[in-house]
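Reviewing the structure listed below.
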Amino acid sequence: MAGTTESGWGALESRVEELIELNLKLARENRALKLQQKNWTAERAALIEKNELAKSRVEAMIGRLKGLEED
């Protein structure tokens, strides 16, 4: 009976170690994903800014062309 209890504790200990390793792996993965999300958010903000700049330049060109058309 003592052998059965010991093997039960050994199995439990092994399972706990597996869960600890899984927890660490998931924590690393979570950090990597958060960093990736932060980078994508920054990239998106930069692209929106570039898009707004291009939009204002196009609108300015259209305004100048309309002005030339009126002359």
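If you're wondering where the values come from, they're calculated on a predicted model, not measured in any experiment. All residue numbers in this chain count up from 1 along the given sequence.
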Among K38, Q37, E43, R44, which residue meets the side chain to side chain contact (heavy atoms under 4.5 Å, CB included) test with T41?
-> Q37
Report the distance from atom NZ of K55 to atom CD1 of I48, rounding to the nearest 0.5 Å.
-> 12.0 Å
dist E21:CD -> L19:CG (nearest 0.5 Å) comes out at 9.5 Å
Pairs touching residues 8-17 that satisfy salt bridge (Lys or Arg N to Asp or Glu O under 4.0 Å), sequence neighbours left out = R15-E18
Say you draw a straight line from CD of E69 to CD1 of I62; how long is it, rounded to the nearest 0.5 Å?
-> 11.5 Å
Evaluation steps, side-chain contact (heavy atoms from CB on, under 4.5 Å), between L53 and K50 | CA-CA 5 Å; L53 179 60; K50 283 182 179 181; 5.6 Å; no
Other cluster members, V16 - Ile/Leu/Val/Met/Phe/Trp/Tyr, side-chain contacts below 4.5 Å = W9, L12, I20, L24
Atom CG in L47, atom CD in E49: separation rounded to 0.5 Å?
-> 10.0 Å
Check whether more than 12 heavy atoms from other residues, nucleotides or ligands sit under 6.0 Å from atom CD of E52, and answer yes or no.
-> yes
